[in-house]
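The next block holds one structure in the form of structure tokens; read it before the comments.
Throughout, a chain's letter reflects where its sequence line sits, starting with A, and its residues are numbered from 1. These values consider heavy atoms only, across backbone and side chains, with no hydrogens, waters or symmetry-generated copies.
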Number of protein chains: 2
Amino acid sequence: MGKRGKSNRFNVFLNYKLWLSSMSGDGIISEVVYTLLNGIRDKGSLKAAAEAAGISYRKAWGDLKQAESMLGYDLTEKTRGGKKGGHSELTPAAKKLLEAYAALQEKLDDAVEEAYLELKKKMEN
Amino acid sequence: MGKRGKSNRFNVFLNYKLWLSSMSGDGIISEVVYTLLNGIRDKGSLKAAAEAAGISYRKAWGDLKQAESMLGYDLTEKTRGGKKGGHSELTPAAKKLLEAYAALQEKLDDAVEEAYLELKKKMEN
DNA sequence: CACCGATATGTTTATCTTTGCATAACGGCA
DNA sequence: TGCCGTTATGCAAAGATAAACATATCGGTG
């Protein structure tokens, strides 16, 4: 075995987070909102989506509301009462946003991965 | 004036944050650490760097310490006492990290900008 | 029409993060 | 050797964020 090898390994991960905000920076659409939208699409209710996301219903509802108010249009159509007590579903705008966001994330995942490899190469020397 | 124009503008900004972490997820090297390292390089002391970064010395010191412990090697060489009461400077490893990080950030800024334009185009329809 | 389960929202509690305060150690310098 | 300004570090206080709790409303359904 040579002296080279696992010696100075840059053993660290590169993480990133992205979110949308208004120019004033107040309202935001964060990762959790995307998770919630996905959950609503799959489960048909905000409650179930919140549970699946592991956050309180109170927060889920508040985050979603603020996202909608920031955008200026609805992402969900919600009803109370009815057969199952109520339900929520995505608006066409929300579906479009989810699609666009998925593409965005994929693109950035790639860019980050690439950048990470370069960083690593530079650091490992 | 035509009907087209500022109608459905996707008036929202894309933000991102990145950081390095160990696989165990305990320690992290965040934006503030890079800011601090830059400050230390420029000002020669952690205290001054913390002030410039707008965070408490206590946090600056803690974050830096945890970053170093995560990496397993020092990013700064610090001395107490002496002519000016003490000072801090970057290790060669830290300088390398700063350089690599700057390149990384530039690359990702570009990628994010590009992805944002695409997102916008998709959303504006 | 009483019940169920989900939306809607205010209020209180708990948790997590950051700051602030206190105190010690250090080493040139007057 | 006493002072100064910085690093070093524990601990309490303050702020921010999220969870929990408490109701109220709604509209099918038994």
Side-chain angles (χ1 to χ4, degrees), chain A residues 15 17 19 21 24-70 74-91 94, chain B residues 15 17 19 21 24-70 74-91 94:
Chain A
N15 316 275
K17 193 198 300 196
W19 69 98
S21 71
S24 42
D26 46 347
I28 63 164
I29 302 186
S30 63
E31 202 80 36
V32 317
V33 171
Y34 290 104
T35 307
L36 287 173
L37 291 179
N38 269 300
I40 289 171
R41 186 196 47 202
D42 295 349
K43 323 250 179 183
S45 91
L46 177 54
K47 187 178 194 300
E51 267 162 26
I55 63 177
S56 68
Y57 175 83
R58 189 63 181 74
K59 174 168 162 59
W61 176 83
D63 282 11
L64 190 54
K65 178 175 185 170
Q66 133 168 301
E68 292 179 329
S69 106
M70 187 191 92
D74 285 354
L75 293 171
T76 56
E77 201 174 316
K78 301 175 244 184
T79 67
R80 305 193 268 196
K83 50 187 140 194
K84 299 218 60 185
H87 74 280
S88 301
E89 56 185 312
L90 300 187
T91 61
Chain B
N15 315 275
K17 194 197 298 193
W19 70 97
S21 71
S24 42
D26 46 345
I28 66 164
I29 302 186
S30 63
E31 202 80 34
V32 317
V33 172
Y34 291 104
T35 307
L36 287 173
L37 291 179
N38 270 299
I40 289 172
R41 187 196 46 201
D42 295 348
K43 324 248 178 185
S45 92
L46 177 55
K47 187 179 196 299
E51 266 161 26
I55 64 177
S56 68
Y57 175 84
R58 190 63 183 76
K59 173 168 162 59
W61 176 82
D63 282 10
L64 190 54
K65 178 174 187 174
Q66 133 168 303
E68 292 178 329
S69 108
M70 187 191 91
D74 286 353
L75 294 170
T76 56
E77 200 174 315
K78 301 175 247 185
T79 67
R80 306 192 268 195
K83 50 187 137 190
K84 299 219 58 183
H87 75 282
S88 300
E89 57 185 311
L90 300 187
T91 62

Residue-level proximity of residues 40-49 of chain A to DNA chain D when a heavy atom falls under 4.0 Å: none
Could you check which residues of residues 59-66 of chain A get a heavy atom under 4.0 Å from DNA chain D? Sort them by number, please. A/K59
[X] has an atom [atom1]; how far is it from atom [atom2] of [N], in whole Å?
X     : N      : atom1 : atom2 : value
B/E51 : D/dT7  : CD    : P     : 10 Å
B/K78 : D/dT6  : NZ    : P     : 15 Å
A/Y57 : D/dA19 : OH    : P     : 14 Å

side-chain contact (heavy atoms from CB on, under 4.5 Å) filter on A/A49, not counting sequence neighbours, yields A/L36, A/I40
B/K65: which residues meet the side-chain contact (heavy atoms from CB on, under 4.5 Å) condition with it, sequence neighbours left out? B/W61
Expected rows: protein N/O vs nucleotides 23-30 of chain D N/O, under 3.5 Å:
residue, atom, partner, partner atom, Å
D/dT25, O2, A/R80, NH1, 3.3
D/dC26, O2, A/G81, N, 2.8
D/dG27, O4', A/G82, N, 3.1
D/dG27, N3, A/G82, N, 3.3

Non-neighbouring partners of [X] that pass side-chain hydrogen bond (donor to acceptor under 3.5 Å, both in side chains), sequence neighbours left out:
X     : result
A/S21 : B/N15
A/S45 : none
A/K47 : A/E51
A/D74 : none

Would you kindly compare A/R58 and A/S88 by the position of their nearest DNA chain C nucleotide and give the one closer to the 5′ end? A/S88
Not counting sequence neighbours, list each pair that qualifies as a side-chain hydrogen bond (donor to acceptor under 3.5 Å, both in side chains) and has a residue in residues 81-91 of chain A. A/T79-A/H87
Euclidean distance, A/L46 CG relative to A/L64 CG, rounded to 0.5 Å: 6.0 Å
Interatomic distance, A/L75 atom CG to A/L37 atom CG [nearest 0.5 angstrom]: 5.5 Å
Between B/G86 and A/I55, who's closer to the 5' end of DNA chain D by nearest nucleotide? B/G86
Provide the closest heavy-atom pair for [X] versus [Y] in the form atom of the first, atom of the second, distance.
X     : Y     : value
A/K43 : A/A48 : CB-CB, 3.7 Å
B/S30 : B/W19 : CA-CB, 3.9 Å
A/R41 : A/L90 : CB-CD1, 3.6 Å

Salt bridge (Lys or Arg N to Asp or Glu O under 4.0 Å) partners for A/K59, two or more places apart: A/D63
Reading DNA chain C from 5' to 3', where do the contacts with chain B start and stop? Cut-off is 4.0 Å to heavy atoms. C/dT18 to C/dG28
